Amino acid sequence: MLTAIADVLRSIGGAIATVVTLPFRAVARLFGGAADSAHGHH
C-alpha cells in the first residue's frame with residue numbers, strides 16, 4: 001500500500017518537474033539561439 005502511494009507520488013512529482021522545467025528549457029534555448037546569432041553577426 002505504502003509503496004503504491006510512493007510510486008504515484010513519484011510519478012506525479014516527475015510530471016510536475018517536467019512541466020515546470022519545459023518552459024525554462026524553451027527560454028534557455030531561445031536565449032542560447034539569440035546569443036549564437038549575435039555572435040554570428042559579429
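Please read all numbers here as calculations on a predicted model, not as lab measurements.
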Exercise. Same cluster for I16 and F24 if Ile/Leu/Val/Met/Phe/Trp/Tyr side chains link at under 4.5 Å?
Worked result: yes
For this session: Treating Ile, Leu, Val, Met, Phe, Trp and Tyr as nodes and any side-chain heavy-atom pair under 4.5 angstrom as an edge, say whether V20 and I12 lie in one connected cluster.
Result: yes
For this session: Mind checking the CZ-CD1 spacing from R10 to I5? Nearest 0.5 Å is all I need.
Result: 12.5 Å
Exercise. Which heavy atom in T18 sits nearest to a heavy atom in T21, and how many Å separate them?
Worked result: O-OG1, 3.2 Å
